[in-house]
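All remarks here apply to the structure that follows.
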Amino acid sequence: MGDTNHQKMPIILIGMPACGKSTVGVLLAKRMGYRFVDSDLYIQEAEGKLLQDIINERGMAGFIDIEEKVNLRLGDANSRWVIATGGSAVYSPRAMAHFREIGTVVYLKLSYATVRRRLGNFSHRGVVMPEGYTLRRLYDERCALYEAYAHVTIEEASLPGMDVTEGTKKSYRRRSIDQTLEVLCGALGIQ
């Protein structure tokens with residue numbers, strides 16, 4: 001995609017909980033002069049409840065249905081938005097097809113060890129997890145989906161700023177939130 005396309009389309013951030021979607025999203029939106037949208041906040045506002053309460057009351061399938069409906073209403077090809085999705089957004093092929101059609105989907109990829117450390121006790125965080133799953137199983141399952149839906153991957157790295165090319169997809173490495181923002185802007189052609 002050319003740089004001008006990125007200026008006209010929303011940027012959609014996907015990835016595991018605690019990967020930095022909201023933090024990076026706010027900074028990116030500010031830098032681009034775009035509106036920042038957090039789909040989890042839209043869900044909480046629409047339902048009048050915290051994510052974990054919705055999951056507890058409606059179960060995983062009920063939550064994913066609500067999440068899909070919210071995500072399908074977010075943005076169009078002319079929206080000047082940065083959208084931070086919930087980690088479970090990738091469980092809706094319809095919502096992800098919508099996001100891929102209207103914008104650029106960016107996967108903020110972290111190692112399992114980093115996700116585990118950042119999440120700590122995630123029982124009250126509103127993480128959609130099938131019964132009997134471990135965090136590791138959830139991570140492996142979702143990472144495959146994130147990889148499949150992403151136009152661009154920004155990956156955690158121990159070395160600063162290495163570019164990696166994988167076929168037609170683009171993958172970049174980063175360390176800190178500031179570096180993530182810089183690498184992301186470089187990948188999208190944003191000054």
Side-chain angles (χ1 to χ4, degrees), residues 11-25 37-44 47 49-72 74 82-158 164 166-175 180 184 187:
I11 307 300
I12 299 96
L13 304 176
I14 62 173
M16 285 295 289
C19 73
K21 295 181 300 281
S22 294
T23 304
V24 171
V37 176
D38 185 318
S39 67
D40 282 347
L41 295 179
Y42 269 69
I43 292 167
Q44 288 183 160
E47 295 296 310
K49 297 176 183 173
L50 297 175
L51 297 178
Q52 190 61 53
D53 294 337
I54 300 167
I55 294 167
N56 292 343
E57 291 173 15
R58 305 237 181 136
M60 181 176 159
F63 179 84
I64 290 172
D65 184 54
I66 292 166
E67 183 176 43
E68 178 181 76
K69 288 174 184 168
V70 167
N71 285 338
L72 286 171
L74 289 179
V82 173
I83 302 169
T85 64
S88 56
V90 291
Y91 289 136
S92 169
R94 287 181 62 213
M96 293 310 300
H98 166 69
F99 286 143
R100 284 184 56 86
E101 182 179 315
I102 67 164
T104 302
V105 178
V106 177
Y107 170 28
L108 299 182
K109 183 176 182 177
L110 292 181
S111 69
Y112 172 75
T114 302
V115 169
R116 180 77 189 149
R117 182 174 33 81
R118 286 186 184 179
L119 277 178
N121 178 3
F122 56 90
S123 62
H124 299 292
R125 188 175 171 113
V127 176
V128 172
M129 185 155 59
E131 192 172 327
Y133 268 45
T134 62
L135 180 60
R136 182 66 206 213
R137 184 172 175 192
L138 183 74
Y139 174 86
D140 291 341
E141 178 179 277
R142 286 191 183 178
C143 285
L145 294 169
Y146 299 139
E147 296 274 346
Y149 288 120
H151 292 110
V152 175
T153 298
I154 306 297
E155 187 173 349
E156 169 186 51
S158 56
V164 179
E166 299 173 4
T168 59
K169 288 195 174 196
K170 294 181 182 176
S171 181
Y172 302 86
R173 301 197 186 274
R174 50 80 173 205
R175 280 199 296 194
T180 300
L184 178 54

* To do: Report yes or no: does Arg58 contribute a side-chain atom to a donor-acceptor pair with the main-chain N or O of Phe63 at less than 3.5 Å?
  => no

* May I ask you to test the Lys49-Glu57 pair for a side-chain heavy-atom distance under 4.5 Å? => yes

* To do: Flag the pair Ile154 / Val152 as yes when at least one side-chain heavy-atom distance between them is below 4.5 Å, and no otherwise.
  => yes

* **Side-chain (Lys21) to main-chain (Gly15) donor-acceptor, under 3.5 angstrom** => yes

* **Separation between CG of Asp140 and OH of Tyr133, rounded to the nearest 0.5 Å** => 10.0 Å

* Asked: Has Arg100 got its NZ or CZ under 6.0 Å from the middle of the six-membered ring of Tyr149, at an angle within 45 degrees of the ring axis?
  -> no

* To do: Examine distances only and state if a side-chain atom of Gln44 and a backbone atom of Leu51 form a donor-acceptor pair shorter than 3.5 Å.
  => yes

* Structure fact -> side-chain contact (heavy atoms from CB on, under 4.5 Å) with Ile83: of Val37, Ile11, Asn71, only one passes, and it is Val37

* To do: Check Met129 against Met60 and note the closest heavy-atom contact, atom names and distance.
  => C-SD, 4.1 Å

* Asked: Hey, mind stepping through Arg136 and Arg116 against side-chain contact (heavy atoms from CB on, under 4.5 Å) and telling me if it holds?
  -> CA-CA 9 Å; Arg136 182 66 206 213; Arg116 180 77 189 149; over 6 Å; no

* List the steps and the verdict of side chain to side chain donor-acceptor pair (under 3.5 Å) for Glu67 and Ser39. => CA-CA 8 Å; Glu67 183 176 43; Ser39 67; 5.1 Å; no

* Close side-chain approach of Thr153 and Tyr146, heavy atoms under 4.5 Å -> no

* Structure fact -> Distance col, row Ile12:CD1 vs Thr85:OG1, nearest 0.5 angstrom, shows 9.0 Å

* Carefully, step by step, assess Val24 and Val106 under the rule side-chain contact (heavy atoms from CB on, under 4.5 Å). => CA-CA 11 Å; Val24 171; Val106 177; over 6 Å; no

* Asked: Between Leu119, Leu110, Leu13, Ile14, which is the residue that forms a side-chain contact (heavy atoms from CB on, under 4.5 Å) with Cys19?
  -> Leu110

* To do: For the pair Tyr107 (side chain) and Ala148 (backbone), establish whether a donor and an acceptor sit closer than 3.5 Å, ignoring hydrogens and angles.
  => no

* Asked: Ignoring hydrogens and geometry, is there a side-chain-to-backbone donor-acceptor pair from His151 to Val105 under 3.5 Å?
  -> yes

* Using atom types as modelled and distance alone, determine if a side-chain donor or acceptor of His98 lies under 3.5 Å from a backbone N or O of Pro93. => no

* Asked: Taking everything shown except Arg94 itself, do over 12 heavy atoms lie less than 6.0 Å from its CZ?
  -> no

* Can you tell me how far the CG atom of Leu108 sits from the OG atom of Ser22, to the nearest 0.5 Å? -> 10.0 Å

* Check the surroundings of atom CD in Glu141: do more than 12 heavy atoms from other residues, nucleotides or ligands lie under 6.0 Å from it? => yes

* Asked: Under 3.5 Å, side chain of Asn56 to main-chain N/O of Gln52, donor-acceptor pair present?
  -> yes

* To do: Can you label the angle between the Tyr139 ring and the Tyr112 ring as parallel, tilted or perpendicular, going by 30° and 60°?
  => perpendicular

* Asked: Is any side-chain heavy atom of Leu135 less than 4.5 Å from a side-chain heavy atom of Met16?
  -> yes

* To do: Check Tyr91 against Leu138 and note the closest heavy-atom contact, atom names and distance.
  => OH-CD1, 3.4 Å

* Tell me, do Arg142 and Ser88 make a side-chain contact under 4.5 Å, heavy atoms counted? -> yes

